[in-house]
Amino acid sequence: MLARRLPLIASLCVIVPGVFFAPTALAAHESNNRFDFKPTTAAPGADGRGISNYLAGASTDDNELWNSHVRATGLAPNTRYTFWAENNNDTFQPATVPMGDAAVCSFVTDNAGRGSCRRQKHNEPALAIARIRVGDMNTFGAVVLEARRLPVDADRKVDDGEIESSGGKRDR
């Protein structure tokens, strides 16, 4: 009798935890992201910060919307830069590729090398890497500032070069 029930018991041990933990894992991207950019060798004196907030009330299952804003200093004066929300692939994947890289907004620095941009109600991939690149939304230029999401980070502080999330599953 026990031998016949073992497959059922084993299935329940796999399915039941999945039911309770899957919604949390799948909804982890529905959050507010703060990031502190770290300079690359292409712009060693640069610095910057940014936010990317999930719009719970405006998003649907098929169309997740975000508001984003970035600020940078120490960049080349009078130069165009673009903020990119990127997947963890280190290669250009256009927005038409599921979870690909997306150019969010562009700015031109002032005479002192400062600049910022914001975009509201835009689509964004899984934000594994936030980067500011030289050029416009069509060039995918050199990376000057970067922040990455760490696999494990419990301190809830936004450290240099890091993306920190707060929030979680939101009611729509």
Side-chain angles (χ1 to χ4, degrees), residues 25-56 58-59 64-168 170:
L26 294 173
H29 65 282
E30 297 176 359
S31 60
N32 297 324
N33 300 288
R34 296 175 296 141
F35 34 94
D36 186 355
F37 288 112
K38 183 176 184 177
T40 67
T41 56
D47 195 15
R49 293 186 177 271
I51 58 168
S52 189
N53 293 328
Y54 178 73
L55 297 175
S59 295
E64 293 181 354
L65 297 175
W66 299 80
N67 285 343
S68 297
H69 180 234
V70 296
R71 277 181 269 165
T73 60
L75 297 171
N78 306 309
T79 304
R80 179 166 297 282
Y81 293 91
T82 299
F83 164 52
W84 287 79
E86 299 184 26
N87 202 343
N88 199 13
N89 54 27
D90 285 327
T91 60
F92 175 67
Q93 289 187 343
T96 56
V97 174
M99 303 310 259
D101 304 325
V104 177
C105 59
S106 292
F107 61 92
V108 175
T109 53
D110 63 14
N111 290 337
R114 295 179 305 233
S116 67
C117 66
R118 78 175 56 235
R119 186 165 171 201
Q120 296 186 350
K121 294 186 178 180
H122 66 89
N123 293 102
E124 186 172 286
L127 184 63
I129 306 171
R131 288 184 170 140
I132 294 186
R133 294 177 172 274
V134 176
D136 61 23
M137 294 181 164
N138 299 311
T139 57
F140 206 67
V143 177
V144 294
L145 290 165
E146 177 178 278
R148 290 178 176 262
R149 183 175 310 286
L150 301 177
V152 176
D153 180 27
D155 70 359
R156 308 302 281 169
K157 290 192 246 173
V158 184
D159 297 317
D160 199 25
E162 180 180 87
I163 299 170
E164 188 75 50
S165 296
S166 61
R170 307 285 176 104

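What you see below is based on every heavy atom in this structure, not just the backbone, and it leaves out hydrogens, waters and symmetry mates.
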With a 4.0 Å cut-off, would you call [X] and [Y] a salt bridge?
X	Y	value
R131	E146	yes
E86	R133	yes
R34	E164	no

How long is the gap from [atom1] on [X] to [atom2] on [Y], to the nearest 0.5 Å?
X	Y	atom1	atom2	value
N53	N32	CG	CG	4.0 Å
R149	S165	CZ	OG	3.5 Å
L127	S68	CG	OG	7.5 Å
H122	N67	NE2	CG	6.5 Å
R49	L145	CZ	CG	12.0 Å

Do the side chains of [Y] and [X] get nearer than 4.5 Å, heavy atoms only?
X	Y	value
L55	K121	yes
W66	N123	no
H69	S116	yes

Closest non-hydrogen atom pair between [X] and [Y], with its separation:
X	Y	result
G135	T82	O-OG1, 2.7 Å
D159	D36	O-CB, 3.5 Å
V104	M137	O-CE, 3.3 Å
I163	A130	CD1-N, 3.8 Å
S106	R80	CB-NH1, 3.5 Å

List the steps, then state whether side-chain contact (heavy atoms from CB on, under 4.5 Å) holds for Y81 with V144. CA-CA 9 Å; Y81 293 91; V144 294; 3.9 Å; yes
Once ring pair (Phe, Tyr, Trp, His ring centres under 6.0 Å) is applied, do any residues pair with F35, and if so which ones, sequence neighbours excluded?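 Ring pair (Phe, Tyr, Trp, His ring centres under 6.0 Å) list for F35, sorted by chain: F37, F83.
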Are any side-chain N or O atoms of T40 and backbone N or O atoms of V143, one a donor and one an acceptor, separated by less than 3.5 Å?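 Answer holds: yes.
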Are F140 and D101 close enough, and set up right, to give a side-chain contact (heavy atoms from CB on, under 4.5 Å), and what steps lead you there? CA-CA 10 Å; F140 206 67; D101 304 325; 4.1 Å; yes
Could you tabulate the donor-acceptor pairs under 3.5 Å formed by side-chain atoms of residues 108-115, not counting sequence neighbours?
from	atom 1	to	atom 2	distance (Å)
T109	OG1	A76	O	2.6
T109	OG1	N78	N	3.0
T109	OG1	T79	N	3.0
T109	OG1	T79	O	3.4
D110	OD1	A112	N	2.9
D110	OD1	G113	N	3.0
D110	OD1	R114	N	2.9
D110	OD2	R114	NE	3.2
D110	OD2	R114	NH2	3.1
N111	OD1	N78	ND2	3.0

With distance as the sole criterion, is a donor-acceptor pair present between the side chains of D47 and T73 under 3.5 Å?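 The answer is no; no qualifying pair exists.
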Audit row: L75, F107, side-chain contact (heavy atoms from CB on, under 4.5 Å) steps and yes/no: CA-CA 12 Å; L75 297 171; F107 61 92; 4.1 Å; yes
